[in-house]
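Heads up, the thing below is written out as structure tokens.
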2 protein chains.
Amino acid sequence: MSESTGSPGLRPTRQRLAVVETLDSAEGFHSAQEIHDLLGRRGEAVGLATVYRTLQRLADAGEIDMMRTEDGEAIYRRCSDSHHHHLVCRACGRTVEVEGPAVERWTRSIADRHGFADVSHTLEIFGTCADCR
Amino acid sequence: MSESTGSPGLRPTRQRLAVVETLDSAEGFHSAQEIHDLLGRRGEAVGLATVYRTLQRLADAGEIDMMRTEDGEAIYRRCSDSHHHHLVCRACGRTVEVEGPAVERWTRSIADRHGFADVSHTLEIFGTCADCR
DNA sequence: CCTCAGTTGACAATCGTTCTCAACTCGTCT
DNA sequence: AGACGAGTTGAGAACGATTGTCAACTGAGG
């Protein structure tokens, strides 16, 4: 019991480092399986189960973001990206990333008002883009 | 071609009615499997696949709300007719319906700015409610 | 060098969800 | 009434993401 740094025996193994690095060098969100593929392509073979385990731990530790796609798949990304939302075209799938301090503020105040703490949110906007109209 | 309501041949079968009724009489969010159970308990046996199909259609048609639990399961509930969003407690699942004209306006203007028409959106707010803290 | 907790990976197992397909329902036409 | 056919249904198989299992491995410390 000499541990105190909140990382009770978490070895920086080759596999873990590889996962983190891959995630770092990849833009945006990726599923566990994508990461697994990327690792393979990179020559850094890592077992699928290990990728899942590692991503979970990292997410639990708050070192990476985790969210769900429309169809329930878990996707991860390195955390430092700025928070933003998506404007998606229904027809062609084109996606624009948008930000809105107003929305951030609004969600926080709404949550406050109802006594909710530790607030996060998801927002997706759908529409038909100019080209598809 | 006397159809115009966007429902090209959607029969109100016993099964569909049963699903809708069950959802109506149940508070809050429920998974497809829960609905299937409830139906069984009610004596209105409906195949699991049918429950899934029906819930999907209803959700597509906007007649019910669909969201994902933390672990990727799809859950549904009847939604009141007015457009609103959800403030959900991560711990106990308690849900508050919230409205926000500001957000509605914001999404529309953002979409406009990018040339998107026919705009809709989804917004979910997560947090830890007062009781669960 | 030895030990042991932590870790790994191949593979099986789970579990929600979707697919397949033959049987069925029910308006509609004759 | 009977035939027709698009839409629907249900049982079970198939699927795909994720998690569990367990023997082999690794590495820091004694």
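Here is the naming used below: chain letters follow the sequence lines, and residue numbers restart at 1 for every chain.
Identified under the ring pair (Phe, Tyr, Trp, His ring centres under 6.0 Å) test for residues 90-133 of chain B, with sequence neighbours left out: H83(B)-H121(B), H85(B)-H121(B). A salt bridge (Lys or Arg N to Asp or Glu O under 4.0 Å) check over residues 105-118 of chain A, counting only residues at least two apart or in different chains, returns the pairs D118(A)-R90(B).
Taking atom NE2 of residue H36(B) and atom C1' of nucleotide dC15(C), one finds them 15 Å apart after rounding to whole Å. Here dA17(D) presents its P atom at 16 Å from NE2 of H30(A), a figure rounded to the nearest Å. Between the CG atom of D60(A) and the P atom of dT18(D) there is a distance of 14 Å, given to the nearest Å. Residue E34(A) contributes atom CD, which lies 15 Å from atom P of dG16(D) at whole-angstrom precision. The nearest whole Å value for the distance from the CD atom in E70(A) to the C1' atom in dA17(D) is 17 Å. Distance, L55(A) CG to dT7(C) P: 15 Å, rounded to whole Å.
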Check nucleotides 23-28 of chain D against the protein and report each pair of N or O atoms closer than 3.5 Å, with its distance, or say if there are none.
from    : atom 1 : to     : atom 2 : distance (Å)
dT26(D) : O2     : R11(A) : NH1    : 3.0

Exercise for review: Spell out protein contact along nucleotides 16-23 of chain C as letters: B when the base is contacted, S when just the sugar-phosphate is, - when no protein heavy atom is under 4.0 Å; keep the 5' to 3' order.
Suggested key: SBBBB---
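A salt bridge between R78(A) and D65(A) is absent, with no side-chain N of the basic residue lying under 4.0 Å from a carboxylate O of the acidic one.
Taking Ile, Leu, Val, Met, Phe, Trp and Tyr as members and joining any whose side-chain heavy atoms lie under 4.5 Å apart, directly or through other members, the hydrophobic cluster of L48(A) also contains Y52(A).
In this structure R53(B) satisfies the side chain to side chain donor-acceptor pair (under 3.5 Å) test together with T50(B), sequence neighbours excluded. Taking the side chain to side chain donor-acceptor pair (under 3.5 Å) definition, one finds that H30(B) meets it with E34(B), sequence neighbours left out. Residues forming a side chain to side chain donor-acceptor pair (under 3.5 Å) with Q56(A) (at least two apart in sequence, or on another chain): none. Legend: residues meeting side chain to side chain contact (heavy atoms under 4.5 Å, CB included) with D60(A), ordered by chain and number and at least two apart, are absent. Every residue two or more places apart in sequence or in another chain was checked for a side chain to side chain donor-acceptor pair (under 3.5 Å) with T95(B), and none qualifies. The salt bridge (charged side-chain N to carboxylate O under 4.0 Å, His left out) test applied to E44(A) returns R14(A), not counting sequence neighbours.
The shortest distance between side-chain heavy atoms of R68(A) and M66(A) falls below 4.5 Å.
End-to-end axis angle of the helix from dC1(C)-dG30(D) to dT30(C)-dA1(D), from C1' rotation axes over five pairs per end: 10° (rounded to 10 degrees).
Residue Q15(A) has a polar side-chain atom (N or O) positioned under 4.0 Å from OP1 or OP2 of dG9(C). Within the 4.0 Å cut-off from OP1 or OP2 of dG9(C), at least one side-chain nitrogen or oxygen of T50(A) is found. Neither OP1 nor OP2 of dT7(C) sits under 4.0 Å from any side-chain N or O of R14(A).
Among the atoms of the strands shown, only primed sugar atoms or phosphate atoms (P, OP1, OP2) are found under 4.0 Å from some heavy atom of T13(B).
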